[in-house]
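Quick notes on the structure that follows.
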Number of protein chains: 2
Amino acid sequence: MYTLEQLRMLVDVADTGSFSACARKLGKAQSAVSQGIANLEVDLDLQLFDRSTRIPTLTPDGHRILDMARAVLVQATQLDIGARSIHKGDEAHIRLVVDDALLLPQLGNTLDRFGKAYPATRLELVTSASPDVAEMIAKGQADLGIFFTPIAFDDSTDVCFIGNLPFVAVCHPSHPLAKRTEIAAHDLFQHRQLLIRGLQGQAVEMLNLVSAQAWWTNSFQGLLHMCQQGLGWTYLPDHMAAPLIAAGQLHQMQVSFDHKPWSPPVELVYRKHKVMGPALSWLKEELKTLL
Amino acid sequence: MYTLEQLRMLVDVADTGSFSACARKLGKAQSAVSQGIANLEVDLDLQLFDRSTRIPTLTPDGHRILDMARAVLVQATQLDIGARSIHKGDEAHIRLVVDDALLLPQLGNTLDRFGKAYPATRLELVTSASPDVAEMIAKGQADLGIFFTPIAFDDSTDVCFIGNLPFVAVCHPSHPLAKRTEIAAHDLFQHRQLLIRGLQGQAVEMLNLVSAQAWWTNSFQGLLHMCQQGLGWTYLPDHMAAPLIAAGQLHQMQVSFDHKPWSPPVELVYRKHKVMGPALSWLKEELKTLL
DNA sequence: CACCTTTCATAAGCAAAACAGATGGTATCT
DNA sequence: AGATACCATCTGTTTTGCTTATGAAAGGTG
């Protein structure tokens, strides 16, 4: 049966075009490579190299085997990296919960870099409403959360301010409020507002009730859907609303009583006194610069 | 450095839950497995199994390594399969050209089975207009073709009838012809027809000009696009048109002068006297039952 | 054209690794 | 308590992979 070392020889000879060069690179005698390749050829019952030319060239069969050998070695390298990662103490698994309004493009970027830095750590990304994010962290169901404060949460968690996310007030273009150029508080009051709250009914104080009538959902995606169906007006994060406003699918309302941009605070949350491994610490520090 | 054999032991012990069972399975002494795992643990500097229990159980670290070991062995198995495949004489590469109207669901099915039967043979699927299919085969730029006959082609190729593909006449729902319930030849004559021809201008005799005016494209996808833009009427294969007709995005025309379903012949094409390896022969035979 | 260098294959000897077999300790089941 | 199945460890043997040495063939160079 062939060995991993023989496969390494194969790719190395193919890359360098020389048995001797391969031997030098792997720190072995030239004859070791010669025998290694020969044994591999016997094992596979295929001729991999044509030795009649000046430099050994891959046969067509050899070329096909080479591709497969590379695939084996890639996995073996992954195993090595994984073993080193375990040895460093990297966590096996991290669960990150974010409010779905915070699924920003930058987040994908951060997670991408995370994957490169901690290849053996599996990441689970969960989305829920901010109050539920807090609850999952408090119950230890997730390691790290990103959510909107202030919300009610107990003292088993620590939070860390990381920035503000701008919101805009929107409604469907056919909504009565879309016809108004200047909107006062009592105008909003007369129309149904769409709001977020957690599964247990906990609301985010900052995103609170303005209207007399309200419908609820537990995700911004749900909010967006209802708003696009013309069921009411709502506040949406700018990054979600902007492309739809530009495409004419949503109407941005000019609200006179808060003409300054309205940006609720975003915070990281994690269990107090939790011992964090390298991967979790890295992710926490990186997420502080998300906004 | 660890070996493939040690990785096999790891997964086998994890699967059977026993060093002894693994030894029996691999045809070795129990002590060999015991030492093999021990060596692997030394190499990775990780404890993989907890031996304090009745049956050896994977440690959390062991579990993570196990997943990676499996990945390595999957690739190694692929290499074995590939080597056997090469040994059988399977081709390294097959290029199949089909008229894009013949991208049937069944074709995907056939190719899927091909992949399972000939895992080491790479398949390239090219689409072009029927006249170009014939030309590619004649020039030896592809191994096997499926296209509509009759078209002009030289005697360097063989063809083999495999069935008929039903066509329907369609136009955009807002097209003038969509309002007519019964359409005669001279009605069609007055409206622009959308037609297929190859890059060198070769048309398929069967799919020929009926109207006074015609626009051309070299793919049925192009035909469909132009038709959906309301640029004219055309014949489309039933399987492409049916879902769009059902969705109201296309209108099926009732043409009085050919009320029998109109189904041009479909044929396989390949170079005369070409020596076919097992994979190509298999594919040729399977494609004969495509329709 | 002779000479030199580089390349690979092969043979022989050696050291390390893998292995089978035997032994002993331990947990589980009857 | 006895039987059984399991694993670790030890010992001696076999196998494998390696190095060194040598020869043949192919380019390159004066």
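Since the model is a prediction, treat every value here as computed from it, not as a measurement.
- More than 12 heavy atoms of other residues, nucleotides or ligands shown are found within 6.0 angstrom of NE2 on B/H93.
- Residues A/S52 and B/P56 each lie close to DNA chain D; by heavy-atom proximity, the contact nearer the 5' end of the strand is made by B/P56.
- In this structure, a donor-acceptor pair under 3.5 Å is absent between the side chains of A/T121 and A/D90.
- Using modelled atom types, one side-chain atom of B/Q47 and one backbone atom of B/F49 make a donor-acceptor pair closer than 3.5 Å.
- Looking only at atom types and distance, the side chain of B/D61 has no donor-acceptor partner in the side chain of B/T59 under 3.5 Å away.
- The footprint of chain B on DNA chain C, defined by a heavy-atom cutoff below 4.0 Å, extends from C/dA18 to C/dT28.
- Residue A/A32 is classed as a base contact, given a heavy-atom separation below 4.0 Å to a base.
- Chain B approaches DNA chain D within less than 4.0 angstrom (heavy atoms of the protein), and the contacting nucleotides run 5' to 3' from D/dA5 to D/dC10.
- B/E5 comes within contact range of no nucleotide atom at all, as no heavy-atom separation falls under 4.0 Å.
- Across all strands, A/S18 comes closer than 4.0 Å only to sugar-phosphate atoms, never to a base (heavy-atom distances).
- The existence of a salt bridge linking B/K274 and B/E91 is excluded, since no basic side-chain nitrogen approaches an acidic carboxylate oxygen closer than 4.0 Å.
- If you check the side chains of A/D99 and A/S130, you find a donor sitting under 3.5 Å from an acceptor.
- Across all strands, A/R51 comes closer than 4.0 Å only to sugar-phosphate atoms, never to a base (heavy-atom distances).
- The number of heavy atoms from other shown groups lying within 6.0 Å of CZ (B/R122) does not exceed 12.
- Nearer the 5' end of DNA chain D, as judged by each residue's closest nucleotide, is the contact made by B/G17, out of B/G17 and B/Q35.
- Under a 3.5 Å cut-off, the side chain of A/R95 and the backbone N or O of A/L123 do not form any donor-acceptor pair.
- Within 4.0 Å of A/S20, counting heavy atoms only, lie sugar-phosphate atoms of the nucleic acid but no base atom.
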